[in-house]
Chemist: 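Take this structure, written in structure tokens, and hold onto it; I'll ask about it next.
Since the model is a prediction, treat every value here as computed from it, not as a measurement. Each ligand, and each atom within it, is numbered from 1 in the order the structure gives.
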Amino acid sequence: MFRKVLIANRGEIAVRIIRACRELGIRTVAIYSEPDIESLHVRMADEAVLVGPASSAQSYLKIDTIVAAAKETNAEAVHPGYGFLAESADFARAVANSGLTFIGPTAEAMEIMGSKTSARRAAVEAGVPIVPGTVEPLRSFEEASATAEKYGFPVMLKAAAGGGGKGMRLVTGSNELRSAFETAQTEAAAAFGDSSLYLEKAVERPRHIEIQIFGDTHGNVVHLGERECSIQRRHQKVIEECPSPINDPDLRRRMGEEAVKIGRAVNYTGAGTVEFLLADATHEFYFLEMNTRLQVEHPVTELVTRRDLVHEQFRVASGESLSFTQEDVDWQGHAIECRIYAEDPANNFFPSPGTITHLQEPSGPGIRVDSGVTRLSEVSIHYDPMIAKLAVWGRTRHEAIERLQRALDEYEVSGITTTLPFFREVVKDEEFVSGHLDTGFIARFNERRAAAKVSANQVESDLAAIAAGLSYALRQQRTSMETSAQAPKSRWKMTGRQAGLNRAVSTFSKWRKS
Ligand code: MV4
């Protein structure tokens, strides 16, 4: 096993990796940018090296500086986490060429999966189903048009160098194809420096289901089951679960076997994720792409399989065999993860940077919080706004949802705005609770929420009318008390009536303020 490892990342994932190193007796080197000097991952590591100013391009993405930091501190290996340089074949090569171990697959495997068309070719060669469409980049609009007619609309245009939905266009008819082709090309060129596109038949109401795989250097490739990631907002995952609410062991076995075939085809080592689209109506599934890294949502797999994926990454990177076989893997209970972002759900999820002035994280039975922040942490606009992940485990999906509701109610963050209030609504949503998820969930949820707001406004304006009526009645009462000489008994009655009206008006104003 390694004696010392450099972690080429920040935030919650750097903290997660440091925790695994502690357990394995590995010394840790953190890297940090200037504003991150007091951050949690720096405080937790044994050593830390400044790699540059705030901008990622000048700090967390500087390959030469990071490799030099690893050499200077006598680290033996580099863990890239996710994001930043995690899927850069150039980085993996630079690490290997300086005599260090890259915690991940080979640069070759990363390159094959980095290009979506070459990944599709690898899947076809391995005998894994892909979404019907082209496996070579389209050479012209005419070719795109002929292929679209062949497969039939609706079709998807996607960037060959893309992934994660960038440069992607849904085309529902031939009249839209030319402009979609041109804008997708322009977007792909701007985002990836490569304008090539490919085309797929569009899958309707797809579910995004991915399989966790693991390979070692002794030829073993296994899978750890699926994660349901259909709840996404602008191609960003929001909630992930294991197992999928479909919870079909036979489907899991078949998808797992296809994912392992992909892994074997590229001699995959370490943790990887094979993404599939699953057609809601037929439960047919198709290979979409492969992520050659540890993923954000790995905790739900860890909770249900009771295995530590980061430990396993270190084992296989140091040349040991996987600590378990396919037959050893089993799945117990249900886990759900929410990504807590420093974003304002009431303002179109706009980033909400600032200082965390108060923080109370949930705990207790079945709760796991992977956090990158503490009280007084600065949430900067320079980096991903995800500050923590809340993952829960229950024996059933129902129990997991109850725990999640409880944990979300316990969670307190002040100083910045977070997506916590949004999750508190999602976990009570009937469609979410039903588990019948697809990638259109968030759009439908937002519509339901907007409609609920309209009816809440209606109640408010009705009550405002009642309050106006009460005030009027109160004034009338006062006027008549002041002007008429009443018998003592009826005066007493009127004073009581007035007190009642006063109470009603005050209750209403309090309600309006809350
Ligand atoms: C699709 C699709 C339907 N048909 N491909 C979006 C991100 C990228 N990884 C692939 N994506 C999709 N590809 C075909 N042929 C629908 C999506 C899609 C989607 C997929 C997963 C999760 C959320 C999504 C939201 C919109 C569209």
Side-chain angles (χ1 to χ4, degrees), residues 82-83 87 113-120 123-124 128-135 137-138 144 147-148 150-173 176-177 180-181 184 187-188 191-192 197-211 226-241 244-246 255 259 262 272-293 295-297 300 337 339 349 426 431-432 436-447:
Y82 56 72
E87 287 175 282
M113 293 305 161
S115 155
K116 304 306 144 190
T117 42
S118 80
R120 276 165 69 79
V124 171
V128 174
I130 60 168
V131 187
T134 61
V135 287
L138 298 162
T147 324
K150 177 179 158 198
Y151 291 104
F153 289 96
V155 297
M156 286 275 190
L157 286 173
K158 298 186 178 185
K166 263 186 229 142
M168 192 177 87
R169 278 280 177 291
L170 172 68
V171 190
T172 54
E176 295 169 16
L177 189 61
F181 186 80
E187 253 182 53
F192 312 109
L197 303 178
Y198 66 104
L199 184 146
E200 286 177 357
K201 177 135 187 77
V203 177
E204 291 185 43
R205 284 182 82 101
R207 293 172 90 117
H208 171 128
I209 298 186
E210 57 186 33
I211 301 281
E226 81 283 13
R227 291 185 288 259
E228 164 92 50
C229 305
S230 296
I231 302 191
Q232 303 196 3
R233 196 188 155 270
R234 300 197 177 164
H235 304 303
Q236 286 261 42
K237 291 169 191 159
V238 175
I239 295 180
E240 306 98 348
E241 309 187 28
S244 162
I246 295 178
M255 291 180 92
I262 299 267
T273 297
V274 182
E275 294 184 358
F276 294 96
L277 278 186
L278 182 107
D280 188 56
T282 59
H283 284 194
E284 279 174 294
F285 60 86
Y286 311 96
F287 169 76
L288 201 56
E289 47 192 81
M290 177 171 186
N291 303 314
T292 56
R293 59 167 192 272
Q295 298 219 161
V296 175
E297 59 274 24
V300 293
E337 176 184 274
R339 299 186 182 193
F349 294 82
V426 170
E431 188 181 342
F432 173 73
H436 196 102
L437 311 175
D438 67 73
T439 54
F441 173 83
I442 292 286
R444 292 191 299 271
F445 173 76
N446 283 336
E447 270 168 33

Chemist: Is it the case that over 12 heavy atoms from other parts of the model lie below 6.0 angstrom from the CD atom of E204?
Modeler: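 Atom CD in E204 is not packed in, count stays at 12 or less.
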Chemist: For R169, which residues count as a salt bridge (charged side-chain N to carboxylate O under 4.0 Å, His left out) partner, sequence neighbours excluded?
Modeler: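 Counting only residues at least two positions away or on another chain, R169 forms a salt bridge (charged side-chain N to carboxylate O under 4.0 Å, His left out) with E187.
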Chemist: For ligand 1, list the protein residues that place a heavy atom within a distance below 4.0 Å of one of its atoms, sorted by chain and number.
Modeler: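 For ligand 1, the contacting residues are V131, M156, K158, G164, G165, M168, E200, K201, A202, V203, P206, H208, Q232, H235, E275, L277, L288, E289, T439.
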Chemist: Assess the side chains of E210 and Q295: does a donor N or O sit below 3.5 Å from an acceptor N or O?
Modeler: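 Yes, because at least one side-chain N or O of E210 sits under 3.5 Å from a partner of the opposite role on Q295.
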Chemist: Checking K201 now: which residues fulfil salt bridge (charged side-chain N to carboxylate O under 4.0 Å, His left out) with it, not counting sequence neighbours?
Modeler: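 Expected list: none.
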Chemist: Salt bridge check, R293 against E87: does any charged N sit closer than 4.0 Å to a carboxylate O?
Modeler: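 Counted as a salt bridge, because a side-chain N and a carboxylate O are separated by less than 4.0 Å.
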Chemist: Among all residues two or more places apart in sequence or in another chain, which pass the side-chain contact (heavy atoms from CB on, under 4.5 Å) test with K158?
Modeler: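 Result, side-chain contact (heavy atoms from CB on, under 4.5 Å) vs K158: M156, M168, Y198, E200, L288.
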